[in-house]
2 protein chains.
Amino acid sequence: MIKISKSVEYSILALKYIADNENFASLSSRKISDDLNIPYDLLSKLLQKLVRKGIVQSQQGKYGGYNLLVDSNKLSLLNIIDALDENIQLANCTFDGANNEDCARINNCYIRSPFLNLQNKINKMFNEITLNELTN
Amino acid sequence: MIKISKSVEYSILALKYIADNENFASLSSRKISDDLNIPYDLLSKLLQKLVRKGIVQSQQGKYGGYNLLVDSNKLSLLNIIDALDENIQLANCTFDGANNEDCARINNCYIRSPFLNLQNKINKMFNEITLNELTN
DNA sequence: TTTATATGCGATAAAATTAGTCGTATATAA
DNA sequence: TTATATACGACTAATTTTATCGCATATAAA
Ligand code: SF4
Ligand code: SF4
């Protein structure tokens, strides 16, 4: 109900792994998948999305692989979730400017306001934690 | 991905509605369902769960209905989620005492600790907001 | 005692989301 | 030219969430 999808978890694991090995050769998705035990096909697709969003860089061909393109101090958990086209929207109305197309109840809903408060706090939390901090 | 299920939303709406009408006759699930536009069968089941967990009281028969059994200042959002057998577990390991049956990666996972931190904050947030505060 | 109106509850179905797989095309260094 | 990589759309499977159905039981009122 409130959980981080495998896609996001895999992506964080992979991004962290890439970040920690930048000095060496770039990591192939095959190697990342093997080392971290993440389904290869799935990981590939996730990394492709991250490429499109400019978070990592890919190099095709032999000895190719992935490199981080952004500062791991500036990449937030929310950025990653966004890049994967996922979201952390608690309810259909929990953003500024929602209207009754988002939820028919919106105009006389007595719980929207507290939900918005919750949402703001969660957004903040997810936006403040960076890839760099996602580590023991 | 991070969202509050309809079940929880419906439950909050209903509980709040019940709480606000306690002075009057007890509300039947039919009336609540009609007034709040919540699928009747679904709402009934939700209320039944809440009865079993001691959150509301039910009165069968004609002129029956539901009444709140707990102080709306003491019923937290987390209590409600628990009562519905849902949870806010971010990942398979984000609780104290998780072991490698919960996640095979647990013993050398570099992101578990920050996930646990996040989890603690979220638990706190959901535990601090009460039914009473879930209002405009 | 009958009737109308409630809840109780298990089973099931439908819908939506999430997770995982497959086939094929393309890029590129050796 | 070949081996090894990513790119990517289509598809399938699994899981979770949402909704429905049918029947049993309770109870106040007529
Ligand atoms: S308006 Fe109310 S019922 Fe509709 S999504 Fe927002 S909180 Fe939920
Ligand atoms: S141990 Fe790591 S990989 Fe496993 S559930 Fe926890 S955070 Fe995710």
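Numbered from 1 within each chain, the chains take letters A, B, ... in sequence-line order.
When every heavy atom of B:Leu116 is checked against every heavy atom of B:Phe95, the shortest pair comes out as CD2-N, 3.6 Å. The nearest pair of heavy atoms linking A:Val70 to A:Gly54 is CG1-O, 3.6 Å. In plain terms, the two heavy atoms of A:Asp85 and A:Lys53 that are nearest each other are OD1-NZ, 3.0 Å. Minimum heavy-atom separation, B:Asn21 to B:Tyr17: ND2-O, 2.7 Å. B:Leu36 and A:Arg105 get closest at one heavy-atom pair: O-NH1, 2.6 Å. Considering every non-hydrogen atom in both A:Pro39 and A:Ser33, the closest pair reads C-OG, 4.4 Å.
A:Ile81 places its CD1 atom 17 Å from the P atom of C:dT17, with the value rounded to the nearest Å. In this structure, the CG atom of B:Asn92 is 10 Å from the P atom of C:dA19, given to the nearest Å. Atom-to-atom, CD of A:Gln48 to C1' of C:dC22 comes out at 14 Å; the value is rounded to the nearest Å. The separation between B:Ile4 atom CD1 and D:dT18 atom P is 11 Å, rounded to whole Å. When rounded to the nearest whole Å, the span between NZ of B:Lys49 and P of D:dT18 equals 12 Å. Atom CG of A:Asp85 and atom C1' of C:dA16 are 17 Å apart (whole Å). Atom CG of A:Asn67 and atom P of D:dA5 are 15 Å apart (whole Å). Atom CG of B:Leu47 and atom P of C:dC9 are 13 Å apart (whole Å).
Using a 4.5 Å cut-off on side-chain heavy atoms (C-beta onward), B:Gln119 and B:Asn123 make contact. The shortest distance between side-chain heavy atoms of B:Tyr66 and B:Ser29 falls below 4.5 Å. The side-chain heavy atoms of A:Lys16 and A:Thr135, taken from C-beta on, include a pair separated by under 4.5 Å. The side-chain heavy atoms of B:Leu69 and B:Gln57, taken from C-beta on, include a pair separated by under 4.5 Å.
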With 3.5 Å as the limit, what N/O pairs link the protein to nucleotides 10-17 of chain D?
unit_1: D:dA10; atom_1: N6; unit_2: A:Lys45; atom_2: NZ; d: 3.3
unit_1: D:dT17; atom_1: OP1; unit_2: A:Met1; atom_2: N; d: 3.1

Could you write out each protein N or O paired with an N or O of nucleotides 25-30 of chain C at a distance under 3.5 Å?
unit_1: C:dA27; atom_1: O4'; unit_2: A:Gln60; atom_2: OE1; d: 2.3

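Shown for residues 29-44 of chain B: residues whose heavy atoms fall under 4.0 angstrom of DNA chain D, namely B:Pro39, B:Asp41, B:Leu42.
Looking at B:Arg30 and B:Asp35, no side-chain N of the basic residue comes within less than 4.0 Å of a carboxylate O on the acidic one, giving no salt bridge.
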